[in-house]
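The structure under discussion appears below in the form of structure tokens.
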Amino acid sequence: MSTIIGAVGTTHVPSIGKAIAENKQNDPYWRPFFKGFDYVHHWLAVQKPDIVVVFYNDHGLNFFLDKLPTFAVGAAKEYRNEDEGWGIPVAHALAGDPDLSWHLINSLVADEFDVTMCQEMLVDHAVTIPIALMWPGEKSKPIKIVPVSINTVQHPLPSLKRCLNLGRSVGRAIERYGKELRVLIVGTGGLSHQLDGKRAGFINKHFDQLCMDKIAGDPESLIGYSIHDWVEQAGAQGVEFLNWMAMRGAMTGHVTEVHRNYHIPISNTAAATMVFENNGAAERKAA
Ligand code: DHB
Ligand code: FE
């Protein structure tokens, strides 16, 4: 049986890739953001996950507006990145785990989440930037991934509740998995931001604070917001918080926040980095 050790929530702003390539981690603009990952590195070194299940949104590299699944799960042996036009280096391919992917896909469909299954899948900055932040400087990353893509791009989007429940289904499936893996959940994107239109540059610190305060202990209190409400409060791209809701849902035990860094702005985004531990699930199962 696999163990869900906890989760990391983080932004995925592409210009972070440029800052890494140019070694700007200690520049005044970047330092408050990158410093927030010192704790993450220490925590990962102690926790030693084998695999990451990453909830993210594709921005047009793998899916485009012509065909855009609400939920898609990778089932590939490896996941390549390609040039997305941001002027950042193309990341090295990440290893997959088709066996775990198919287990998750089977469980999700049995739970009535009719996901798109992808035996070939490119992953964009919403996967590669968080991985580069968590495991800096290593060409061959020490982990495998299962990418789970959530549509945050073309309306209608799934609700916060639906994404929380998607995560719960993934969490239950991981716990039932036959192999003993230490699984880390990652949710990427956000927090508040809007990249275009009249409100380009919009950030809502007060609302972000509420989201960060509620996500560990009371995620249900956020599901009353409609997607329309969320766009109003968090900006058109602030809906990437759907990935964080799925991440939270996948933590099956008692969830505690062990780290938080919040910094405004990174590019156009209010950047949050949070670490959560997931305790007590094994004891509950044994009881
Ligand atoms: C930015 C933020 C995003 O979430 C993204 O996908 C691309 C760019 C930004 O703030 O620049
Ligand atoms: Fe994004």
Side-chain angles (χ1 to χ4, degrees), residues 8-22 24-25 27 29-30 32-34 36-37 54-65 68-72 79 81-91 121-134 145 147-155 157-158 160 163 186-205 207-208 211-212 215 227 230-247 261-274:
V8 175
T10 171
T11 184
H12 60 222
V13 171
S15 58
I16 296 165
K18 202 150 190 272
I20 293 172
E22 293 171 359
K24 289 194 170 158
Q25 292 89 338
D27 280 17
Y29 180 86
W30 289 104
F33 171 72
F34 278 99
F37 275 82
V54 51
F55 294 100
Y56 76 107
N57 58 290
D58 183 85
H59 299 72
L61 181 67
N62 191 72
F63 304 115
F64 200 60
L65 302 181
L68 190 38
T70 300
F71 301 124
Y79 300 94
N81 177 222
E82 276 181 5
D83 188 352
E84 295 174 67
W86 296 104
I88 60 178
V90 171
M121 194 179 195
L122 294 171
V123 290
D124 73 4
H125 66 273
V127 172
T128 60
I129 296 291
I131 296 288
L133 285 165
M134 289 189 285
I145 66 162
V148 182
S149 158
I150 297 178
N151 168 31
T152 70
V153 173
Q154 174 148 287
H155 292 259
L157 310 185
L160 286 124
C163 293
V186 170
T188 90
L191 290 185
S192 58
H193 63 304
Q194 171 143 345
L195 300 180
D196 48 22
K198 277 193 194 145
R199 292 203 307 165
F202 175 80
I203 278 174
N204 185 346
K205 187 175 177 180
F207 188 68
D208 289 341
C211 294
M212 292 186 289
I215 188 80
I227 293 296
W230 207 271
V231 170
E232 197 171 320
Q233 292 296 325
Q237 279 72 43
V239 291
E240 291 180 344
F241 195 75
L242 291 176
N243 303 321
W244 288 61
M245 288 301 277
M247 167 198 76
N261 187 50
Y262 179 74
H263 182 67
I264 298 174
I266 289 299
S267 187
N268 295 295
T269 300
T273 306
M274 295 182 76

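Read the numbers this way: they start at 1 and go in the same order the structure lists the ligands and their atoms. Positions are given from 1 along the sequence.
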One finds that the ligand 1 atoms under 4.0 Å from a non-hydrogen atom of H193 are 2 (C), 3 (C), 4 (O)

Value for CZ (F34) from OG1 (T273), rounded to nearest 0.5 Å, stands at 10.0 Å

Atoms of ligand 1 under 4.0 Å from any heavy atom of W86, numbered from 1 in the order shown, are 7 (C), 8 (C)

Heavy-atom closest pair (I150 atom, A246 atom, distance to 0.1 Å) is CD1-CB, 3.7 Å

Do H59 and E240 have a side chain donor and acceptor closer than 3.5 Å? yes

Exercise for the section: Determine whether the side chains of E84 and H125 contain a donor N or O and an acceptor N or O closer than 3.5 Å. Expected result: yes

Within 4.0 Å of some non-hydrogen atom of P14, the atoms of ligand 1 are 1 (C), 5 (C), 7 (C), 8 (C)

Closest to atom 5 (C) of ligand 1 among protein heavy atoms sits H125 NE2, 3.5 Å

Nearest non-hydrogen contact to atom 2 (C) of ligand 1 from the set I203, T269, L191 belongs to T269

Of all heavy-atom pairs linking P265 and Y29, the shortest is O-OH, 3.3 Å

Start with the C-alpha gap between F207 and W230, add the side-chain angles, then the distance that decides, and say whether ring pair (Phe, Tyr, Trp, His ring centres under 6.0 Å) holds. CA-CA 10 Å; F207 188 68; W230 207 271; 4.8 Å; yes

Ligand 1 to S267, heavy atom cutoff 4.0 Å, flagged ligand atoms 9 (C), 10 (O), 11 (O)

Can you tell me if, anywhere in H193, an N/O/S atom lies at a distance from the Fe ion (ligand 2) that is smaller than 2.8 Å? no

Closest heavy-atom pair, G17 versus I88, reported as atoms and distance to 0.1 Å, is C-CG2, 4.0 Å

Here the atoms of ligand 1 under 4.0 Å from any heavy atom belonging to L195 are 1 (C), 7 (C), 8 (C), 9 (C), 10 (O)

- Message: When you measure from the Fe ion (ligand 2) to the N, O or S atoms of H125, does any of those distances fall below 2.8 Å?
- Response: no

With heavy atoms and a 4.0 Å threshold, my read on which part of H12 contacts ligand 1 is side chain

All heavy atoms of V90 vs all of D83, minimum pair found to be CG2-N, 3.6 Å

Per residue E240, nearest N, O or S atom to the Fe ion (ligand 2) is named OE2

The NE2(H59)-the Fe ion (ligand 2)-NE2(H12) angle, to 10°, is 100°

If we number the atoms of ligand 1 from 1 as shown, the ones under 4.0 Å from a heavy atom of E240 are 4 (O), 6 (O)

- Query: Between D124 and N62, do the side chains contain an N or O donor and an N or O acceptor separated by less than 3.5 Å?
  - Reply: no

